[in-house]
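Notes follow once the structure below has been shown.
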Amino acid sequence: MSIQIYNTATRQKEEFHPLNPPQVLMYNCGPTVYDYFHIGNARNFVVVDAIRRYLEFSGFRVRFVQNFTDIDDKIINRANETGEPWDKLAERFIQEYFVAADALGIQRATIHPRATEHIPQIINLVQKLIDAGLAYVVDGNVYFRVRRFHSYGELSGKNVDELEEGARVELEEHKEDPLDFALWKAAKPGEPWWESPWGRGRPGWHIECSAMALTHLGETIDIHSGGCDLVFPHHENERAQSMGATGKPFVRYWLHNGFLTINKEKMSKSLGNFFTIKEVLAKYPPSVVRFYLLSAHYRHPLDYSDAALEEAKSAVGRIREAVLSAEKLFELIDPAIAPPSEAEPSAEVAKFESAFCEAMDDDFNTPRAIAAIFEAVADLNAWRLKLAQDPRNPALAADVAGLINLVHRLLGVLGLDTLIFGEGKQDVGTESRLAEELLQLLVKVRKLAREQKQFAIADYIRDELATLGIRLQDLPTGTIWIKEKE
RNA sequence: GGCGACGUAGCCAAGUGGUUAAGGCGGAGGUCUGCAAAACCUCUAUUCAGCGGUUCGAAUCCGCUCGUCGCCUCCA
């Protein structure tokens, strides 16, 4: 079964075949670092991360590049407002990107190139376009000659003449044609600049991505992704620049995620209706935020609300409860019966993995993939209850263990496993070991109380533990405890 | 004005020609329990915005209408 990807360029799902399998060359447009990124930006990063993880899970070797745009009008403006030097500001928000991205379980890219570190490559690329007659210099500015590029508008489905009629394009007297866009901007007084053959200046917005993609991935890349507002003009221009310079196909599969909306309206920095990732993570744990972002298909709009996050929280809680309860149950069972952790999944268990993969193969359908996980969770709950009643049944124990492993593995593919369950319990400090033993002791005392029908005492222990975030579950085999998260 | 997306239960969200329309959240009842919690079982869309059409058969294809949103300008 092969992976199907919806390609913006062709407006249909296509079978995914990278140019040089198993290698996949992938580029995602990263943040412009002048502020914390917002939850809508986070959607792009999380979705692309899940796609990357799934490609790797499917046997591909992904070389993944995500840039930082660290020089741009917005950064300059923000720096002027706050008085912070523009490069310090950019550096600060690059670090903030990593803080939030790490929290959300977004894996680091193979390379995180920065625009300012690629000025020579940018200049080189601009020169090539000038030499090819696709760009021209006016007063230290360099513009791309849109009408000279043969397939301009092909990606976004725009027609050059209609674009002109729209006439919303910025009018600059320097340009030969209003549609032309800047490759290199002459420095205005007080602005940062680099030396170039056309005088002091800085790169235009689109050229940096072309330069970084060409530098780190080559002339033709497999997947290029970004939010759907980047289709035009950013990606259209990027494509024109890259193909104009190399004469080669630039991107084989264009992927664009839908917007995160708020009250059904696009969340955007210019509308001011956004929540930064920092604000959201202050209210909800990363596991919940990530789950929420993957709960709709990536190309569809997703509306942000507290209710939606609360729902995600409950849903994550259901998965967590099922897995932790089952794992705790094994602690009550005769170790001789408990199967090794790498138990092979039975055919019954494997069907959930097939359903999961089938969903992900179909243009990364994460909602359907999550549904498969929930079906596995339902089975896990049912079987774990049977095991609690029949703890000496090795076949049952193997099935339960197989399901536990499966759920962990599938959550891992979505990048959720670590966020929900933590890094594992390998290094338990002496303090928490002591806490664990004290907890066991309390559970034993409560057991004695219950045996003597001293229910007031038993319930007191249970209630007090609950206020500490420890919830008890009485099973036929004994009592297990689960720590509430956060 | 041009181009495009979407409208599925109380809510979120899959499904894009064919047995009973996934899954989650919420709600109702029941089982288990000393009581809980968690879990389990049952119920919660005869119907997919509306109207026409194609077809043996449509939520699914086509047309129209209504509604919501996006891109065409910096934005993931």
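Every chain is numbered from 1 and lettered A, B, ... according to where its sequence line falls, protein lines coming before strand lines. Fair warning: this is a prediction, and the values are worked out from it, not measured in the lab. The figures here come from the full heavy-atom set of this structure, side chains too, leaving out hydrogens, waters and symmetry mates.
- In terms of position on RNA chain B, the residue among Lys453(A) and Asn365(A) whose nearest nucleotide sits closer to the 5' end is Asn365(A).
- Judged by a 6.0 Å distance limit and a 45° cone about the ring axis, Lys269(A) is positioned over the six-membered ring of Tyr34(A).
- In this structure, Phe356(A) places its CZ atom 16 Å from P of rA14(B), rounding to the nearest Å.
- For rC6(B), the base has no donor-acceptor partner in the side chain of Arg299(A) [N/O atoms by modelled type, under 3.5 angstrom].
- Nucleotide rC3(B) holds its C1' atom 16 Å from the CG atom of Asp229(A), rounded to whole Å.
- Asp459(A) contributes a side-chain N or O that forms a donor-acceptor pair with the base of rG34(B) under 3.5 Å.
- For Glu321(A), the side-chain atoms get nearest to rA38(B) when compared with the rest of rG24(B), rA14(B), rA38(B).
- When distances are taken from the side chain of Arg471(A) to each of rC71(B), rA22(B), rA38(B), the shortest belongs to rA38(B).
- We find that CE of Met360(A) is positioned 23 Å from P of rA22(B), with the value rounded to whole Å.
- Comparing atom distances between the Glu265(A) side chain and each of rA38(B), rG70(B), rC25(B) picks out rG70(B) as nearest.
- A donor-acceptor contact under 3.5 Å is formed by the side chain of Ser270(A) with the base of rC74(B).
- When distances run from any side-chain atom of Ala371(A) to the nucleotides rC40(B), rC35(B), rG23(B), the shortest one goes to rG23(B).
- Between the Arg290(A) side chain and the Leu414(A) main chain, a donor and an acceptor come within less than 3.5 Å of each other.
- Nucleotide rC11(B) holds its P atom 21 Å from the OH atom of Tyr304(A), rounded to whole Å.
- By the 6.0 Å and 45° rule, Arg108(A) stacks over the aromatic ring of Phe98(A).
- For Ala308(A) and Lys264(A), each mapped to the nucleotide of RNA chain B holding its nearest heavy atom, the one lying further toward the 5' end belongs to Ala308(A).
- Checking rG70(B), rC72(B), rA22(B) against every side-chain atom of Lys266(A), the shortest atom distance belongs to rG70(B).
- Side-chain contact between Phe421(A) and Ser287(A): absent, with no pair of heavy atoms (C-beta onward) separated by less than 4.5 Å.
- Of the C1' atoms belonging to rA36(B) and rC32(B), the separation is 12 Å, rounded to the nearest Å.
- Summarising the geometry, the separation between CG on Asp306(A) and P on rC25(B) is reported as 19 Å, rounded to the nearest angstrom.
- Between Arg318(A) and rG24(B) there is a side-chain N or O to OP1 or OP2 distance below 4.0 Å.
- Scanning all heavy atoms of the two residues, the minimum distance from Asp72(A) to Lys74(A) falls at OD1-N, 2.6 Å.
- Within 6.0 Å of the NZ atom in Lys351(A), the count of heavy atoms belonging to other residues, nucleotides or ligands exceeds 12.
- Nucleotides rC64(B) and rU46(B) have their P atoms positioned 30 Å apart, rounded to a whole Å.
- Under the stacking criterion of a centre-to-centre distance below 5.5 angstrom and an interplanar angle below 30°, Phe455(A) sits stacked against the six-membered ring of rG34(B).
- Of the candidates rC74(B), rC71(B), rA13(B), the closest approach to any side-chain atom of Pro367(A) belongs to rA13(B).
- Of the listed nucleotides (rG70(B), rG4(B), rC25(B)), rG70(B) has the atom at the smallest distance from the side chain of Phe259(A).
- Of the candidate nucleotides rU68(B), rC71(B), rA39(B), rA39(B) has the atom nearest to the side chain of Arg384(A).
- Side-chain proximity of Leu302(A) to the nucleotides rA13(B), rG15(B), rA14(B) is greatest for rA13(B).
- Nearest to the side-chain atoms of Ser314(A) among the listed nucleotides rC12(B), rC35(B), rC25(B) stands rC25(B).
- In this structure, His300(A) reaches the rA14(B) phosphate: one of its side-chain N or O atoms is under 4.0 Å from OP1 or OP2.
- Taking only distance into account, the side chain of Glu375(A) never meets the base of rG23(B) through a donor-acceptor pair shorter than 3.5 Å.
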